[in-house]
Amino acid sequence: MPALGTLSAGGAAAGVAGLLRLRRGPSVASPLPAAARAGAVHDGGQLVWGRQLRPVLLLPAGLLPSQASKRLPLRPPAASASSEPAGDAKAPGILEKYPAITTGFFFFMWYFLNVIFNILNKKIYNYFPYPYFVSVIHLLVGVVYCLISWAVGLPKRAPINSTLLKLLFPVALCHALGHVTSNVSFATVAVSFAHTIKALEPFFNAAATQFVLGQTVPLSLWLSLAPVVLGVSMASLTELSFNWKGFINAMISNISFTYRSIYSKKAMTDMDSTNVYAYISIIALIVCIPPAIIIEGPQLMQYGLNDAIAKVGLTKFVSDLFLVGLFYHLYNQLATNTLERVAPLTHAVGNVLKRVFVIGFSIIIFGNRITTQTGIGTCVAIAGVAIYSYIKAKIEEEKRAKSA
C-alpha cells in the first residue's frame with residue numbers, strides 16, 4: 001500500500017499510535033507472517049486497521065473451483081525453470097533486497113509528519129484558540145483527501161452497508177470524542193505536558209481490559225504502569241502551564257481512545273485499512289460538526305475568524321488550516337503503513353520513541369520552560385510506557401507462538 005497515495009493514532013493521535021484492530025473472520029487462515037499481521041496506530045490519531053482479504057487466494061487447494069483448476073494446469077518445476085532464459089531473470093531492486101531501508105523511511109516520515117502536525121497545530125491555537133472548529137478542519141481535509149483518492153481509484157472505494165455502519169459507528173464516535181478532547185487539551189496546555197498526560201493511556205487500556213472486558217491483566221503489566229502514574233503525577237504538580245481544563249480533556253481523550261479499542265475489537269470486517277479509516281473519518285466529521293457550531297459558532301462569527309485574519313492574514317490562516325489537516329491525515333496513514341511492516345515489539349518501541357520526539361521538539365520549538373520536577377516526571381512516565389509496551393508485546397508474541 002503506498003504511503004501517500006492511499007489514505008489513514010489519534011488521535012488521535014494520538015496516539016490514533018491507536019489506535020484499533022479490525023480482525024479477520026476466524027474461519028480463514030491468513031497467509032501473512034506474524035509481523036505483517038500486527039499493524040497498529042496509536043495516540044489520538046493512532047489506529048489499527050484490518051487488511052483486505054482475497055478469499056480465492058486463501059482457500060485450501062482442495063476447495064478451489066474445478067474450472068479454475070482446469071484453466072491453470074501445473075507444470076513440473078524443472079520444465080517451468082527451463083522455459084525461461086536465465087538471462088531474463090529480473091534482479092531484485094535495492095528496496096526488495098534491503099527492506100529495512102523502506103521500513104526506516106516509513107518510520108522517518110511517520111515521526112516527521114507527526115512532529116510537524118503537533119507544532120503547526122499549537123501555532124494555530126496561539127492565534128486561533130478554537131479547538132472544536134480546528135478538529136472539524138482536521139477531519140474535513142482528510143475526508144476530502146479520501147474522496148479524491150476514491151475518485152481516481154487509489155484505492156477503489158469499498159462498498160458499505162447498514163451492518164458495517166453499525167459496527168463502525170461506535171468506533172468513529174469514540175474517535176471523534178478522543179480527537180476533539182485531545183485538541184482542547186493541546187490548545188489549553190503545553191504540547192509537551194499534553195503528551196505527558198496522554199502517556200497514561202496504557203493505564204486506562206489495562207483497566208478496561210481487566211474490569212470491562214473481564215480479561216486478566218498480568219501482574220507484571222500492572223507493576224510497569226506504576227512509574228507511568230507516578231511520572232505524570234510529578235509532572236502535573238509543577239507544570240507551569242497546568243490547568244484543569246487541559247488536564248481533564250486529556251484524560252477524557254485517554255478514556256475515549258480506550259473505548260475505541262474495545263469497540264474496534266467487536267468490529268470484524270474484511271475491508272482494507274484505507275477504506276476503514278475513510279469511512280470512520282466521514283462518520284467522525286458528521287459527529288463533530290454540531291458541537292463545533294453550538295459551542296464555538298457564535299464566537300467565530302462575531303469575532304473569532306476576523307481576529308485570526310487580522311493577526312496573520314487570510315492566506316496564511318487558510319493555508320495553516322489546510323496544512324494541519326493534511327498533516328494530521330497523512331501521519332495517521334503513515335503510522336498504519338509503518339506499523340503493518342513491523343513486529344509488535346518494534347511497534348511498541350516506535351510508539352514510545354514517537355512521543356519522545358514530539359515532547360522534545362515541542363519544548364525546543366516553543367521554548368517551554370519546565371521545572372526540574374516536571375522534567376523528571378516526564379522521563380519517568382515515558383520510561384514506564386516503554387517498559388509496559390515491551391512487556392505487553394512480549395506477552396502477545398508468546399500467545400501467538402503457542403497458538404501457532
Side-chain angles (χ1 to χ4, degrees), residues 9-27 29-30 33-35 37-44 46-50 167 170-171 173-175 177-178 197-233 250-269 339 342-352 355 380-404:
V16 198
L19 262 226
L20 173 56
R21 187 179 305 276
L22 297 177
R23 301 172 296 174
R24 303 180 181 84
S27 61
S30 172
R37 287 184 272 116
V41 178
H42 159 60
D43 178 41
Q46 296 171 354
L47 312 173
V48 175
W49 312 113
L167 290 174
V171 181
L173 181 63
C174 292
H175 178 60
L177 180 59
I197 302 172
K198 287 174 69 62
L200 280 172
E201 189 173 331
F203 173 82
F204 289 98
N205 283 331
T209 300
Q210 180 84 49
F211 303 111
V212 177
L213 297 180
Q215 301 173 5
T216 302
V217 175
L219 179 61
S220 57
L221 279 180
W222 283 115
L223 293 177
S224 69
L225 290 170
V228 181
V229 177
L230 175 62
V232 172
S233 301
M251 297 293 279
I252 294 175
S253 174
N254 286 333
I255 297 172
S256 300
F257 288 136
T258 296
Y259 274 91
R260 181 185 65 186
S261 298
I262 292 175
Y263 285 118
S264 69
K265 291 178 181 179
K266 301 177 182 179
M268 302 175 63
T269 175
L339 299 178
V342 298
L345 186 55
T346 306
H347 145 231
V349 174
N351 270 321
V352 174
R355 195 177 297 279
V380 170
I382 296 300
V385 173
I387 296 171
Y388 169 87
S389 300
Y390 176 82
I391 295 175
K392 185 176 181 181
K394 294 294 289 184
I395 292 174
E396 291 178 354
E397 286 181 348
E398 291 174 0
K399 287 181 179 179
R400 271 190 294 274
K402 291 179 180 179
S403 60

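For the residue pair Y259 and V212, the shortest heavy atom distance occurs at OH-CG2, 3.9 Å. Pairing each heavy atom of G178 with each of S253, the nearest pair is O-OG, 3.2 Å. For R355 against A199, the heavy-atom pair with the smallest separation is NH1-N, 4.1 Å. Scanning all heavy atoms of the two residues, the minimum distance from S256 to C174 falls at O-CB, 3.5 Å.
For L221, the side-chain contact (heavy atoms from CB on, under 4.5 Å) partners are V217, P218, S224, Y388, I391, K392, I395, not counting sequence neighbours. T258 meets the side-chain hydrogen bond (donor to acceptor under 3.5 Å, both in side chains) test with N205; sequence neighbours excluded. Considering only residues two or more places apart in sequence or on other chains, A207 meets the side-chain contact (heavy atoms from CB on, under 4.5 Å) condition with F211, W222. By the side-chain contact (heavy atoms from CB on, under 4.5 Å) test, Q215 pairs with T209, L213, sequence neighbours left out.
Side-chain atoms of S403 come within 3.5 Å of backbone N or O of R400 as a donor-acceptor pair.
Distance check: S220 OG to L225 CG gives 10.0 Å after rounding to the nearest 0.5 Å. For the atom pair CD (E201) and CE (M251), the distance works out to 11.5 Å, reported to the nearest 0.5 Å. For the atom pair OG of S261 and CZ of F204, the computed distance is 13.0 Å after rounding to the nearest 0.5 Å.
Looking at V380, L200, V228 one by one, the single match for side-chain contact (heavy atoms from CB on, under 4.5 Å) with V385 turns out to be V228.
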Stepwise side-chain contact (heavy atoms from CB on, under 4.5 Å) test for F257 and L177: CA-CA 8 Å; F257 288 136; L177 180 59; over 6 Å; no
